[in-house]
Visitor: 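Once you've had a glance at the structure underneath, I'll fire off some questions.
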Amino acid sequence: MPEEFGVAPTQAGWLAKERPRTGVIDMNGAKSLLQDLDDAIARGTDESRARALWHATDILITGRYSDDEISMFGEVIGRLADEIEVAARTQLSELMAACDHAPLNVIEQLALDDEIAVAGPVLRDSTRIDEKMLVESALTKSQSHLLAIAQRQSIGEAVTDVLVKRGDQEVVTSVAKNEGARFSGSGLLHMVRRAEGDSILAEQLGLRKDVPRHIFQQLISKASEDVRRRLESERPEMMAQIQSSVTEVTGDLQSKFGPSSRSYFVAKRVVTTQYRQGNLNQDSISNYARQHRFDEVQIGLSLLSALPVDVIERALMDRNREMILVLCKALNFSWDTTMSLLFLGAKDHLITARELQDNEREFGRLKSETSRSILKFYQSRKTGAGADAGRQPELQVH
């Protein structure tokens with residue numbers, strides 16, 4: 001009898017005749033088989049090693065095994081994979097990518113292969129690859145590797161953070177199209193920056209349903225007229241947000257508390273003096289809000305945030321409270337102070353218990369660093385637009 005795997009005839013016969021067609025093999029049988037395959041690695045030719053690899057892979061894929069047995073298969077398949085050419089490793093990767101119990105060490109070995117033909121299948125499709133492996137590949141491998149990751153059915157925030165910072169235009173556009181991708185606040189901000197001057201990326205990002213309103217507004221404020229028109233057509237439910245972004249700070253939302261009133265100029269003089277003396281702080285804003293002194297609040301927030309007054313007014317009066325929550329988090333305001341500002345801007349100064357709970361939960365989820373990044377972005381966009389509040393100071397956060 002020929003030596004099928006480069007081992008003794010009796011072993012080769014066992015391997016050929018006892019191959020489990022039902023996909024079930026007991027622990028002792030698995031150990032015996034894997035020992036025979038291990039011998040084939042040590043003694044066999046390149047051809048016999050390749051046959052041993054496909055035999056072991058076939059048995060693994062069709063079988064049902066414990067974690068220990070899968071680990072043993074992984075040791076043998078991993079050793080055999082080191083001995084084969086790119087074409088064979090590519091075929092192995094395609095098989096392992098579709099196997100929901102593929103050995104983790106083999107998946108990692110294939111995912112970190114420098115050849116994209118080998119790494120691609122598991123990076124795109126394997127459910128066995130974990131976030132740590134994806135991040136490592138995204139940080140160290142080629143743009144083709146990043147593109148494969150960007151095409152996965154689902155991608156976590158830690159991975160997309162790397163993709164949007166390190167990926168080229170094709171990678172970033174691909175991950176923006178991926179409905180299964182999830183983005184952190186900083187990741188979305190980075191995408192907005194990259195979308196400036198890139199109409200394809202801007203449109204894809206604008207079409208995502210998970211982009212928060214304040215990020216969407218930033219995107220539109222940087223987008224071309226063509227992109228704005230397309231998004232108006234494709235996202236009619238965002239029309240109000242688009243319009244408020246396009247009009248920038250033209251004062252369309254001027255309320256009865258606007259700067260045309262005499263009381264406003266009195267408030268401006270008092271609060272500006274307070275600011276210059278270093279006495280304008282969270283407590284001041286909170287006290288003004290509780291006394292329903294809207295002019296003092298919007299002027300004070302304008303000075304503390306370096307944003308024009310009408311932008312602050314827009315945030316206070318908008319039914320969507322997201323921007324005021326971001327502003328308060330960026331200024332390190334407490335929830336109590338934030339709550340007083342929410343009541344100030346609410347119709348008749350009333351908020352339902354349910355709405356208040358939702359806002360508190362959202363405020364708790366916001367990160368200070370991300371909120372400050374958003375605020376700095378608005379500062380850069382509004383430079384020169386806030387003459388009404390006088391010279392705009394740098395953001396005062398501690």
Visitor: Any side-chain donor-acceptor pair under 3.5 Å between Asp161 and Ser184?
Guide: yes

Visitor: Can you name the residues that form a side-chain hydrogen bond (donor to acceptor under 3.5 Å, both in side chains) with Gln282, not counting sequence neighbours?
Guide: Ser334, Thr337

Visitor: Determine, for Glu203 against Arg230, whether the closest basic-nitrogen to carboxylate-oxygen distance falls under 4.0 angstrom.
Guide: yes

Visitor: Could you tell me if the side chain of Leu92 sits less than 4.5 Å from the side chain of Val118, heavy atoms only?
Guide: no

Visitor: Ignoring hydrogens and geometry, is there a side-chain-to-backbone donor-acceptor pair from Thr160 to Glu157 under 3.5 Å?
Guide: yes

Visitor: Counting only N and O atoms by type, is there a donor-acceptor contact under 3.5 Å from the side chain of Thr173 to the main-chain atoms of Gln169?
Guide: yes

Visitor: Without hydrogens or angle criteria, can the side chains of Asn287 and Ser284 be said to hold a donor-acceptor pair below 3.5 Å?
Guide: no

Visitor: Would you say that more than 12 heavy atoms from the other residues, nucleotides or ligands in this model lie under 6.0 Å from the CZ of Arg276, or not?
Guide: no

Visitor: Answer yes or no: are there more than 12 heavy-atom neighbours, outside Arg365 itself, under 6.0 Å from its atom CZ?
Guide: yes

Visitor: Taking only Lys NZ, Arg NE, NH1 and NH2, and the carboxylate oxygens of Asp or Glu, determine whether Arg372 and Glu369 approach each other closer than 4.0 Å.
Guide: no

Visitor: Hey, is the main chain of Met133 close enough, under 3.5 Å, to the side chain of Ser137 for a donor-acceptor pair?
Guide: no

Visitor: Heavy-atom count check: over 12 atoms from other residues, nucleotides or ligands less than 6.0 Å from Leu356 CG?
Guide: yes

Visitor: Would a 4.5 Å heavy-atom cut-off, applied to side chains only, mark Val271 and Leu303 as touching?
Guide: yes

Visitor: If you measure from the Lys or Arg side-chain nitrogens to the Asp or Glu carboxylate oxygens, is any gap between Lys141 and Asp114 under 4.0 Å?
Guide: yes

Visitor: Any donor-acceptor pair under 3.5 Å linking the side chain of Arg208 with the backbone of Asn178?
Guide: yes

Visitor: Within the side chain of Arg354, is there an N or O that forms a donor-acceptor pair under 3.5 Å with the backbone of Ile351?
Guide: no

Visitor: Any side-chain heavy-atom pair from Val86 and Arg89 closer than 4.5 angstrom?
Guide: yes

Visitor: Any donor and acceptor pair, going by atom type alone, linking the side chain of Thr140 with main-chain N or O of Glu136 inside 3.5 Å?
Guide: yes

Visitor: Salt bridge or not for Asp295 and Lys268, using N-O below 4.0 Å?
Guide: no

Visitor: Leu163 and side chain to side chain contact (heavy atoms under 4.5 Å, CB included): which partner among Val175, Leu134, Val172?
Guide: Val175

Visitor: Does Glu296 reach the main-chain N or O of Tyr288 with its side chain, forming a donor-acceptor pair under 3.5 Å?
Guide: no

Visitor: Using a 3.5 Å distance criterion without hydrogens, assess whether the side chain of Asp318 forms a donor-acceptor pair with backbone atoms of Arg321.
Guide: no

Visitor: Looking at Ala102, is its backbone amide N or carbonyl O close enough to the side chain of Arg128 to form a donor-acceptor pair, meaning the two atoms are under 3.5 Å apart?
Guide: yes

Visitor: Taking atom CD as the centre, does Glu131 end up with more than 12 heavy-atom neighbours from other residues, nucleotides or ligands that are less than 6.0 angstrom away?
Guide: yes

Visitor: So, the side chain of Arg166 versus the backbone of Leu146: is there a donor-acceptor pair under 3.5 Å, distance only?
Guide: no

Visitor: Using side chain to side chain contact (heavy atoms under 4.5 Å, CB included) as the criterion, point out the one residue from Glu196, His190, Met191 that pairs with Arg194.
Guide: His190

